[in-house]
Amino acid sequence: MDTIKAEIYDIIESAIQAAVAAAELTISEMPKIPFSPTKTPEHGDIATPIALGLAKQARMAPRKIAEIIVTHINLDAHPTIRQIDIAGAGFINIHLSDNYLYDTLQIIATMQEAYGTCDKGEAKQLQIEFVSANPTGPINIVSGRAAAVGDTLVNLLNAIGYNAMREYYVNDAGGQVDRLGESIDVRYRQALGEEGLEIPEGGYQGEYLREFGKTIADTDGDVYLQLETKERVAAFRDKAIAHILAQQKSSLERFGVEFDVWSSEKAIRESGKPEEIIELFRDKSYLYEAEGATWFRMTDFGDDKDCVVIRSNGEYTYFVPDAAYHRDKFDRGFTTVIDLLGPDHQGHISRLKNFVKALGLPDDWLEIFIIQWVNLVDAEGKRSDMSKRRGQFRTLDDLIDELAEAVGEQFAVDVARYFFLMRANNTHLDFNMELAVTHASENPVFYIQYAHARCCSIFEQGDEQGITPKPIEAVSLNQLTEPMEHELIRKLAEFPSTVLLSAETREAHRVVHYLHELAGIFHPYYNQHRVLDPADMKKTDARLILIQSVQRVLKNGLTLLGISAPTSM
RNA sequence: GCGCCUAUAGCUCAAUUGGAUAGAGCAACGGACUUCUAAUCCGUAGGUUGCAGGUUCGACUCCUGCUAGGCGUGCCA
């Protein structure tokens, strides 16, 4: 497609130059020629609104300009172009020859599972950090969404030639996990029969911690009561982190997400890097003392408020290990780092970016995206709060369990991933659990998977009838003359650019929509045209190649999304 | 108060980053299985793209100002 575009670009450009040379067109400067996609086959394969763009400086009606340009194109010299039309306000519509269409099938047959990939990323090292949920409870649904998106983005970036990896930052140090230890301490002592205890301010109410505290009491009895409160809380904290982390890991694995690296905030804190950061900031005069605390001059970086980096009790705020952690990422050699943050980290973006700037790292080195809320919606359409602190959240495991009851374990993961991936990251996502379960079998993911299964089924049927696909070289592709066949091939040709765009804009949902559209052309085709026709083997052979290509692209696309491509349903 | 995000069909979302007649899926209604899987297909209906201006040959997209919702906002992470 790219080579074709380059060729067309040259043709149009020289036509404009010829028109200018012939004094039919007056322009001051050679413009860049834009290409716009064609929505309908009548508009050809590639279109350009260049005549519209030239109208002003050429002082001429766009249609007239288009006509002039077209007269300077010698179609006989360019066999790739079958026909050129002028339409609408002055669009130049280019129809490519059928041979070009058939080239797409050739490319797919050659590249197979590599179709859709490219080497644009030049093997650069890239890291995406996502989920990074506090080790204070199970993976919830918002984190599940982040898991699906992050995992898929890594797939996409690898597909376009980057060397991307998945990283999880474990917040296993700091105030939050201390509150966790204190909360478990309360549950533990309650389990031992102590009365009148309450979860401390900022602690965790979740039911899973009550069970955890009870388990400790059941297995170890009251031995912990002999420890100093501080030691006991620390012991519970570490115990809980290890336990919860293992649980999070297995939930994510069940969801098909495996991280390459688990980084520890505790390790960062103990590495000495935070001290180096503070020293660096001090040297650069970014810090000052006030109200007993140490402040960072965030206002120097355009923020409206300074912020505390060392609290009056001498402890770092989370900014310091966080800055140190990003410094560490840079030292590990990543050319670009992408953080996917939860919606409650809104205010964190500009500050983190400013810290990165203060560290002297390149501006575009760090990209931050917010994965927006997932609202649980009940059957009446009422939204429910998912605050972890109040313990009213739904876990990723709950979700998959419920979906599994409706559609089975494998499809449950597929449905959940699809659901999370189908929307743009920055939009709020309403998740109606009841609807998701009762309508699980009507989920659009099956529409795509079914298309794949149907392709497989054709080959199975063919096998039974003794019809097997021939190598593409032995097939007359010009048997593919149906408009729907051309539409299918055109769609197949779009796959690589969709993957590229999706990866570069970090918007996985584009691939989802693409696959849905592809399936949306395939199903009607399947219904209207028979592939296996023993009476016309030439056509059958050509159609089998087409079906192989559709099957291949569906499979490649679903694989990128981490969704299975079943051979039968 | 300030900052960020969002607003598109009854509902949930798209729209290839400024291009042609704004598209899908649910939900509603009417049709199609003796033929490669009906988890499918065909058809009907559904719109002043939150409001008001502006830029442009051309705006859902960019700019300004409103309105509504969400999130954030100096010692939680």
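Quick note: numbers below take in every heavy atom, side chains included, and nothing from hydrogens, waters or symmetry partners.
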Self-check item: Under-3.5 Å donor-acceptor pair between Arg351(A) side chain and U73(B) base
Solution: no
Quiz prompt | Listed nucleotide nearest any side-chain atom of Asn134(A), set C2(B), C36(B), A77(B) | solution = A77(B)
Self-check item: Test item: side-chain donor near acceptor, Glu289(A) and Thr294(A), under 3.5 Å
Solution: yes
Quiz item: How is Ala87(A) classified with respect to the nucleic acid when contacts are heavy atoms under 4.0 Å: base, sugar-phosphate, or nothing?
Solution: base
Exercise. Would you indicate what Ala424(A) reaches in the nucleic acid, counting non-hydrogen atoms under 4.0 angstrom: base, sugar-phosphate, or nothing?
Key: sugar-phosphate
Practice problem: Please check the phosphate of A15(B) (OP1 and OP2 only) for any side-chain N or O of His509(A) closer than 4.0 Å. | Solution: yes
Quiz item: More 5' along RNA chain B: Gln465(A) or Asn93(A), using each one's nearest nucleotide?
Solution: Asn93(A)
Exercise. May I ask you to say what Ala89(A) touches in the nucleic acid, namely base, sugar-phosphate or nothing, with a heavy-atom cut-off under 4.0 Å?
Key: nothing
Quiz item: At under 4.0 Å between heavy atoms, what does Arg179(A) touch on the DNA or RNA strands: base, sugar-phosphate, or nothing?
Solution: nothing
Quiz item: Of the candidate nucleotides A77(B), A20(B), C36(B), which contains the atom at the shortest distance from the side chain of Phe91(A)?
Solution: A20(B)
Under 3.5 Å, which N/O atoms of the protein pair with N/O atoms of nucleotides 40-42 of chain B?
| from | atom 1 | to | atom 2 | distance (Å) |
| --- | --- | --- | --- | --- |
| U40(B) | O2' | Arg454(A) | NH1 | 2.9 |
| U40(B) | O2' | Asn527(A) | ND2 | 2.7 |
| C41(B) | OP1 | Tyr447(A) | OH | 2.4 |
| C41(B) | O4' | Asn527(A) | ND2 | 3.1 |

Quiz item: Any donor-acceptor pair under 3.5 Å between the side chain of Asp178(A) and the base of A77(B)?
Solution: no
Quiz item: Can you tell me how far the CD1 atom of Ile368(A) sits from the CD1 atom of Ile338(A), to the nearest 0.5 Å?
Solution: 11.0 Å
Quiz item: Base, sugar-phosphate alone, or nothing: which one does Ser568(A) contact when heavy atoms must sit under 4.0 Å apart?
Solution: base
Quiz prompt | All pairs passing ring-ring contact (aromatic ring centres under 6.0 Å, His included) where residues 526-558 of chain A contributes a residue, at least two apart | solution = Phe522(A)-Tyr526(A), Tyr525(A)-His529(A)
Quiz prompt | Same-atom distance (P) from A20(B) to G30(B), integer angstrom | solution = 36 Å
Self-check item: Touch class at under 4.0 angstrom, heavy-atom based, for His348(A) against every strand present
Solution: nothing
Quiz item: Across the strands shown, which category fits Leu532(A) at heavy-atom distances under 4.0 angstrom: base, sugar-phosphate, nothing?
Solution: base
